[in-house]
Amino acid sequence: MINNFRLQSKQLTKKCDLDEFTFETTAELKPFKGIIGQPRANNALHFGFQIKEKGYHIYVAGMAGTGKASFTDSMAREFAKEEPVPSDWIYVYNFEKKESPQAISLAPGSGKAFKEEVEGTVEELRKLIPETFKGMEYESRRSDFIRIANQKKTQILKKLNEKSAEYGFMYSPTEKGLFSIALKDNRPMNEEDFQNLSVEEREKMMIKYDELKLVTIDDFNKLRETDEELVQGIKDLDKKIVADLVRFNIDRLIKHYKENEDIVKYLNELEEDILENVDRFKNGPINNFSFFDSPKDKEDSFFVRYSINLFIDNSNLKHAPVINESNPIYYNLMGSIEYRSQMGVLATDFTRIKPGSLHLANGGYLIFQMKEILSNPISWEMLKRALKTDEINIENQNKLMGYAVTSSLKPEPIPLDVKVIIIGDEYIYNMLYAYDDDFRKLFKIKADFDIEMKKDKSNIELMTEFIATHCQKNKLKPLDRTAVCRLIEYTSRLAEHQNKMSTEFNKIVEILYESNFWANMESSDIITDRHIQKAIDEKIYRSNKYEEKLNEMFEEETILIDLDGEKVGQINGLAVLGVGDHVFGKPSRITASVYSGEEGIINIERESDQSGKHHNKGVLILSGYLGQNYATKKPLGISISIGFEQNYSIIDGDSASSTELYAILSSMAKVPIKQYIAVTGSVNQRGEIQPIGGVNEKIEGFYEICKKKGLTGIQGVMIPKKNVKNLMLKDEVIQSVNEGKFNIYAIEHIDEGMEILTGLKKDKLDDLIMENLKTMQVNPSCK
């Protein structure tokens, strides 16, 4: 009967058929473009890139190594080729509100020319304007203004002194203005005369002086008005002298950019400001500067206002931009305002406004990793604000956080039109979707990358083309048909399914690189299946130290395990351990004790805080199975203690639940279990055996222990029948099965498992259990 459950060697893997390939080596294959086995993600990305409505940004989900980042980038670049180059952007001085620099857009690629033309024009005016003031006509007209003003001032001063004499004073002009002098006998009083005055005389003189100031207010006002008229007259003269020159140069720019209203408005304001500040141009540019000072620092910083900040220059683009931001901290993403130290004080100006990746991607696509931006919460919040408002604001991060800022600007925001693509995993997507309302509204497209695909003819062909393309692109040796077959089998092992292939391309590429290395070591022109297998084996060997140490402990009997004979209430279960990138199977002895009492099942692992919630659930399911089968008429009235021997770490998962049930049933019936058959599988309350994960590693883990202690031909592993499709065992195990040295059984129900392990059918086993229960159940009167 046991042979009905034994698997044949052909069921333990699914070999690749060499006859499916018509090529000799992958060098004959055509290049591959695109992605393999991701129709859902492919469709989602195409839809996401094409739809332009607000809120349809893209979240790309999937495990690392599935090619999601590289494929997303390549697709973004393909769509970008069909879209126009976005506008250039400049920041210019705001003549009305200097703390708010103006943002102006220009035709793509014209920003650089505009900057050169404006700054060149201003520089030219700084050279030409001083020459204009050197002419005889200007000097003559300026002298006339000064002469007329001096005549007016002389007349006013004459009248002023006539009034002053009546009060005993006179006014004398100096470089610092009019200076009052006291008189004595109609002549200026000297120091000696002043010292000889009595206190009463001094007080009378001050009273007179106060009276004089009151009566001469109008005269002093006239003097000030005359000075102001002179300054304004010279200023008007200066403006008139250079007006034609300035207007000629600025009008030339206006004609060139007449289609851009914002530029025309700025140029008109620029012309007006130059004329208003023409006296700044009189001395011309300063050329000499010290080692420690730049020319701009040495010259009057006033002229910075006439600079152009070429904020976004798209002159080198041929289509819409695609920006991959690897470090989306706030300033890298949203732009920044740089500061410099002036006399120990931080200062800035509009030329120090720098763009972020959001500005650079404007009009195109921005791609970044979700985990990177979540480590910068302020970046995430400001990105969402920008996407909601459709504009990018550049603000000082300290200001956003409420800290004091020495000197800051508030640049005009720039309109935003960008498609944001976030690369992340499923867990982060679910968390954001559940707890972040903005995320749900803004990222309505989810491109979900799968980790496996069907192993059909079409996908196999695509995989071979991918292998060929990668080898050609990275100058690796071509693979022959045997190597391609072995690699495809390896992808099925990664997928843990005979009819599927893994899409974890990073792991496939690693094997390609390493097999190429081993081919080089052998001076082989091509990569064969031997080199692929060598790469796989060496990769395992580099990481399996812990597995080997455990196996040595089994061999030395530091960890106890029985591989022959039969025992009551004892069975070998199978678990999976992971160390870094290496996963392997580890047998564990499980024992169960049944005795009188009413405690039910005592999970030793749970009582010692070494049991995970999934393992706890599996143990509770056992209670349901036992109750349904053996306690429908009256309570069991027994206690069951179950535990993993020599285990000192957390046990989780329910894949050992059937194994535990076998040990319990054996103890209840006092029937021994074959120790040379290890068991894995989950069980439900109906006794049905459910599939588990890591089946290949579990089988191979037990096989290694049996091999070290000596294969006897009766040893084997019992697995769920539904896991047969997941078998992709290594050749050594398959060979041993084929030679009758090792056995693998597949079952569907707990009764079948007990028959294999004990040789007893269910009816006989149940009779033994019920008979033993009668002797163990507690008499209620003895409580």
Donor-acceptor pair, distance only, cut-off 3.5 Å: does the side chain of [X] make one with the backbone of [Y]?
X      : Y      : value
Asp88  : Asp313 : no
Thr348 : Glu338 : yes
His359 : Gly356 : yes
Asn459 : Met453 : no
Tyr330 : Glu395 : yes
Asn332 : Asn327 : yes
Asp349 : Arg305 : no
Glu412 : Ala103 : yes
Asp262 : Ile104 : no
Ser379 : Pro328 : yes

[atom1] of [X]: more than 12 outside heavy atoms within 6.0 angstrom?
X      : atom1 : answer
Lys354 : NZ    : yes
Lys475 : NZ    : no
Phe95  : CZ    : yes
Lys444 : NZ    : yes
Glu261 : CD    : no
Lys371 : NZ    : no

With ring centroids as reference points, do [X] and [Y] lie under 6.0 angstrom apart?
X      : Y      : result
Tyr59  : Phe439 : yes
Phe302 : Phe281 : no
Phe79  : His319 : no
Phe350 : Tyr91  : no

Given [X], which partner from the list [options] fulfils the side chain to side chain contact (heavy atoms under 4.5 Å, CB included) test?
X      : options                : answer
Val246 : Leu128, Thr121, Leu275 : Leu275
Lys68  : Thr503, Ile423, Ile35  : Ile423
Ile263 : Leu253, Ile90, Ile254  : Ile90

(request) Show your working on salt bridge (Lys or Arg N to Asp or Glu O under 4.0 Å) between Arg247 and Glu271 and close with a plain yes or no. (result) CA-CA 7 Å; Arg247 191 169 294 115; Glu271 177 183 331; 3.3 Å; yes

(message) Going by side chain to side chain contact (heavy atoms under 4.5 Å, CB included), name the residues that satisfy it together with Lys255, two or more places apart in sequence or in a different chain.
(response) none

(request) Take Ile508 and Met463 through the test side chain to side chain contact (heavy atoms under 4.5 Å, CB included) and record every step on the way to the result. (result) CA-CA 10 Å; Ile508 299 168; Met463 181 63 78; 3.9 Å; yes

(request) Before giving the answer on salt bridge (Lys or Arg N to Asp or Glu O under 4.0 Å), spell out for Glu269 and Lys265 the whole-Å C-alpha distance, their side-chain angles and the decisive distance to 0.1 Å. (result) CA-CA 6 Å; Glu269 291 175 352; Lys265 179 176 179 293; 2.8 Å; yes

Please examine the side chains of [Y] and [X], heavy atoms only from C-beta on, and report whether any two atoms are closer than 4.5 Å.
X      : Y      : result
Phe368 : Ile422 : yes
Phe449 : Leu45  : yes
Gln38  : Phe71  : no
Leu270 : Ile274 : yes
Leu267 : Val118 : yes
Leu333 : Ile373 : yes
Asn314 : Pro86  : yes
Ile353 : Pro101 : yes

(message) Between Thr66 and Ile451, is the side chain to side chain contact (heavy atoms under 4.5 Å, CB included) condition met? List the steps.
(response) CA-CA 6 Å; Thr66 54; Ile451 60 169; 4.0 Å; yes

Where do [X] and [Y] come nearest, in terms of heavy atoms and distance?
X      : Y      : result
Val322 : Ala80  : CG2-CB, 3.7 Å
Ala41  : Ala447 : O-CB, 4.0 Å
Lys30  : Thr469 : O-OG1, 4.1 Å
Ile428 : Leu374 : CG2-CD1, 3.7 Å
Leu366 : Glu325 : CD1-CB, 4.2 Å
Ile367 : Ala76  : CD1-CB, 4.1 Å

(request) Mind running side chain to side chain contact (heavy atoms under 4.5 Å, CB included) on Lys112 and Glu116 for me, showing each step along the way? (result) CA-CA 6 Å; Lys112 184 184 293 184; Glu116 292 174 353; 3.8 Å; yes

(request) Please collect all side-chain hydrogen bond (donor to acceptor under 3.5 Å, both in side chains) contacts where either partner lies in residues 415-430, sequence neighbours excluded, each pair once. (result) Glu426-Lys446

(request) Starting from the C-alpha separation in whole Å, work towards a yes-or-no answer on salt bridge (Lys or Arg N to Asp or Glu O under 4.0 Å) for Asp448 and Arg40. (result) CA-CA 7 Å; Asp448 199 356; Arg40 180 180 290 102; over 6 Å; no

(message) Evaluate Asn362 against Ile312 for side chain to side chain contact (heavy atoms under 4.5 Å, CB included), listing each step before the verdict.
(response) CA-CA 10 Å; Asn362 202 5; Ile312 297 296; over 6 Å; no

(message) Working to the nearest 0.5 angstrom, can you tell me the gap between Ile414 CD1 and Ile394 CD1?
(response) 6.0 Å

(request) Kindly compute the distance separating CD (Glu124) from CD1 (Ile129), expressed to the nearest 0.5 Å. (result) 10.5 Å

How are the rings of [X] and [Y] set relative to one another: parallel (under 30°), tilted (30 to 60°) or perpendicular (over 60°)?
X      : Y      : result
Phe443 : His57  : tilted
Tyr257 : Phe114 : perpendicular
Tyr513 : His470 : perpendicular

(request) Could you list all the salt bridge (Lys or Arg N to Asp or Glu O under 4.0 Å) pairs where at least one residue sits in residues 433-442, not counting sequence neighbours? (result) Lys384-Asp436, Lys384-Asp438, Lys388-Asp438, Asp437-Arg440

